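Right, one structure below, let's go through it.
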Number of protein chains: 2
Amino acid sequence: MAEKKPSIHDIARIAGVGVGTVSRVLNSQPNVADATRERVERVMAELDYRPTFAARHIRTGRSQLFGFVTDQVLTTPFAHDLIRGAQARARQADHMLMVIDADGDDRVREQAVTNLLERGVEGIVYAAMFNHGVHLPAALREVPTVLVDCYEVARDLPSVVPDEALGGREATERLLQDGHVRIAMITNDALSTGYPAAVERFEGYCQALEAHGVTFDEALVREGLGSADSGYRHTRDLLDLELPPTGFFFGTDRMAMGAYFAFAERGLRVPHDVSVVGFDDQHYIADALRPALTTMALPHAAMGRWAVEHLLTASWGEGRPPVQHQLVCPLVERGSVGPVPAEPGRKG
Amino acid sequence: MAEKKPSIHDIARIAGVGVGTVSRVLNSQPNVADATRERVERVMAELDYRPTFAARHIRTGRSQLFGFVTDQVLTTPFAHDLIRGAQARARQADHMLMVIDADGDDRVREQAVTNLLERGVEGIVYAAMFNHGVHLPAALREVPTVLVDCYEVARDLPSVVPDEALGGREATERLLQDGHVRIAMITNDALSTGYPAAVERFEGYCQALEAHGVTFDEALVREGLGSADSGYRHTRDLLDLELPPTGFFFGTDRMAMGAYFAFAERGLRVPHDVSVVGFDDQHYIADALRPALTTMALPHAAMGRWAVEHLLTASWGEGRPPVQHQLVCPLVERGSVGPVPAEPGRKG
DNA sequence: AGTTCCACTGGAATCGGTTCCACACGCGCC
DNA sequence: GGCGCGTGTGGAACCGATTCCAGTGGAACT
């Protein structure tokens, strides 16, 4: 029964041709007579022949394989888009992806890179999240590498990240556009961390205010932690202000979710009484809220695609400084932004 | 500069030994003199030598590679645990995982399996979700295969799924335990689909009621769709009953989330006025709700681990019917279940 | 001293492909 | 008839590892 897999030599022998000819058929090269090609193909189909990739790899030196190291991002629903984008682009170029989750463990990360190099990957995508600085294993330098949603602190590796500032600006402008002026911003992390995901979204907020001639009010800015609970608490605080904000811009959808509960407690309706814009487009949350949440989408699929594209097409090893690419975060309009309510306390 | 990678022959030549000796050192085999071993290792370190895995693969016939095909599960946060569990077990056995997302597309799925077979995988894990029946590409039969959270309709492939019935039963018992008698169950899908994830959770619910001598009330059972919106609507409906339920068991956490909004609308507090148990343990949701949601966890990490374990240790090709394994869903106690409230309308 | 045994070693054969070189054959041209 | 050329083909060499067999030298035993 379980006879071993046929090799190219078996095919050649049975079809009565040389191995070279079989190889030519396999690779759809010209200079094979139609009759011969057909005969070889028939034999291959007959025996259920499948070429062994490793053999090709060893001879040609091309593995047609990229490593995809995820760090914390796999814990999130974002991973899907990231991997899908990367995989789709890789497939177009007949490459495969080898995904390893480093899970924040240095030893595992190191090991992962070593394993990938032994497997002969032609490039590595290193995907993290929160657009933060990282220090990568030195071994990564042996092979083209692209960073996704993070960057090497030395800026000596190409990276692709969301345009956080532009996203922050557009989110704020969406609220301004509907007449909101008292707009709160709850950052997704302490600004002191220096994470672009926190700092630049906030800067975008400031830019938007300035561009529209709205004076910045420090009381409306809170440093959140990203969690639903954090959103809930800061929202309660903000609602306790003498002149509470009418528009809320949260650095994460999770905080916006927490805010919905704070609004419900106070009997405030979205978007009738308060307007909300989130960030991240975690659709499990954003779609599920009532009303659904208007938010800025992180371009994960695009980043994944871009990373592989760059591995495939960039000229490596040259002197110029590596690209630090930014991709726009599209506004996803749902139902949480509306016009500024008439202010009951200000009638007279 | 970019001289090509050293091979085992280079190492042998430079260290002044035969290739066989280098190979023995590489594989930490005995019968190598300490001095020789040391010299070879020094040369390898010197040249930054890394063995080419493909060459080993071709010679030994062992790829030390498993395929991991995900179908829809990658869209969810569950993917992380699944891949982590599988990867952890694989790493222990010096195997790697090649993850491909089929994304519900038959052509991609077919292609994925072909590619994996060409890469010489020693087994394939096929992971879907919702514990439903699937028809798999015939090519899968060429290599050991384990199904996760789904099953081949012919039951001719081993699979591992959550014990949905037991989960449904324990969820219901958790409510019974706190004195609830009018317990609603909102299924996560139409029962007519026949999906075990829907049908068996419901059966578990029935079993629990019966075991505790509580009469089944058809009016308290609703066929939901899994979405937050669906949970919201059914909850409103149920609250409109003359004798509304005090306990709610939702087939998904997302529906439970929708329910929270329905409760908020009616001014009902969890768990003071109503108690809720979810299913899935989507912690982004379950942790974020206020109060956090008590729910049944899907054992994704364990399923991933079990699948790889089975690939590694099961005896394949033998006659006995393939294992259909079930893993328990642990109850994750948070804060959404409390004692039955006194019934205001029933005082007299 | 001769035999046996063991630790250690070198290198040829091998895995399944690709690549390249040599060559056969038919055809048209001078 | 000799030459050149293009098409189609076979097969040796090669890629980088493992495996196995033969062989060396020294220690231990008879």
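Order of the sequence lines sets the chain letters (A, B, ...), proteins ahead of strands, with each chain counted from 1. In this text, all values refer to a predicted model and were calculated from it rather than measured experimentally.
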Phosphate OP1/OP2 of [N] contacted by [X] side-chain N/O (<4.0 Å):
X	N	result
Ser23(B)	dT19(D)	no
Thr52(A)	dG16(C)	no
Thr21(A)	dT9(D)	no

**Report entry** Check: Arg89(A)/Gln92(A) side-chain N/O donor and acceptor closer than 3.5 Å
**Finding:**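 On atom types as modelled, these side chains qualify, holding a pair under 3.5 Å.
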Query raised in the report: Does the side chain of Asp105(B) come within less than 4.5 Å of Arg109(B)'s, by heavy atoms?
Result: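 No. Closest side-chain heavy atoms not under 4.5 Å.
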Query - Close side-chain approach of Arg37(A) to Thr21(A), heavy-atom, < 4.5 Å - result: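 Arg37(A) does not reach Thr21(A) side chain to side chain.
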Counting only side-chain heavy atoms from C-beta out, which of [options] sits nearest to [X]?
X	options	result
Thr60(A)	dC15(C), dG11(D), dT18(C)	dT18(C)
Val19(A)	dG10(D), dG11(D), dG17(C)	dG11(D)
Gln29(B)	dG10(C), dG17(C), dT19(D)	dT19(D)
Ile58(B)	dC8(C), dC15(C), dG17(C)	dC15(C)
Ser7(B)	dG8(D), dG16(D), dT9(C)	dG16(D)
Asn31(A)	dA17(D), dT9(D), dG16(C)	dT9(D)
Pro51(B)	dT9(D), dT18(C), dA17(D)	dA17(D)
Arg56(B)	dT18(D), dG17(C), dT9(D)	dT18(D)

Report task. Of all the heavy-atom pairs spanning Val99(A) and Gln87(B), show the shortest one and how long it is. Result ->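 Shortest heavy-atom separation between Val99(A) and Gln87(B) comes out as O-NE2, 3.6 Å.
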Requested in this report: Take atom CG of Asn27(A) as the centre, draw a 6.0 Å sphere, and report whether it contains more than 12 heavy atoms from other residues, nucleotides or ligands.
Outcome: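 Yes - once you tally the heavy atoms of other residues, nucleotides and ligands closer than 6.0 Å, there are more than 12.
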Between [atom2] on [N] and [atom1] on [X], what's the gap in Å once rounded to a whole number?
X	N	atom1	atom2	answer
Arg39(B)	dC8(C)	CZ	P	14 Å
Gln64(A)	dT18(C)	CD	P	11 Å
Leu26(B)	dT19(D)	CG	C1'	14 Å
Arg59(A)	dT14(C)	CZ	C1'	16 Å
His57(B)	dG17(C)	NE2	C1'	12 Å
Asp34(B)	dC8(C)	CG	P	8 Å
His9(B)	dG11(C)	NE2	P	10 Å
Lys5(B)	dG16(D)	NZ	P	9 Å

Requested in this report: Answer yes when Glu152(A) and Arg141(A) have at least one side-chain N-carboxylate O distance shorter than 4.0 Å, and no when they do not.
Outcome: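 Salt bridge flag = yes for Arg141(A) with Glu152(A).
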Query raised in the report: Any salt bridge between Asp103(B) and Arg84(A), counting N to O under 4.0 Å?
Result: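 Salt bridge present between Asp103(B) and Arg84(A).
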**Report entry** Dot-bracket notation for DNA chain D, counting Watson-Crick and G-U pairs under 3.5 Å, with | for partners on another strand
**Finding:** ||||||||||||||||||||||||||||||
Would you mind classifying the nucleic acid contact of [X] as base, sugar-phosphate or nothing, using non-hydrogen atoms under 4.0 angstrom?
X	value
Val17(B)	sugar-phosphate
Gly16(A)	sugar-phosphate
Arg50(A)	sugar-phosphate

Query raised in the report: What's the spacing between Glu38(A) CD and Glu41(A) CD if we round to 0.5 Å?
Result: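 Spacing of CD (Glu38(A)) from CD (Glu41(A)) equals 7.5 Å.
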Report task. Hey, which sits more toward the 5' end of DNA chain C by its nearest nucleotide, Pro6(A) or Arg24(B)? Result ->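 The 5'-side residue here is Arg24(B).
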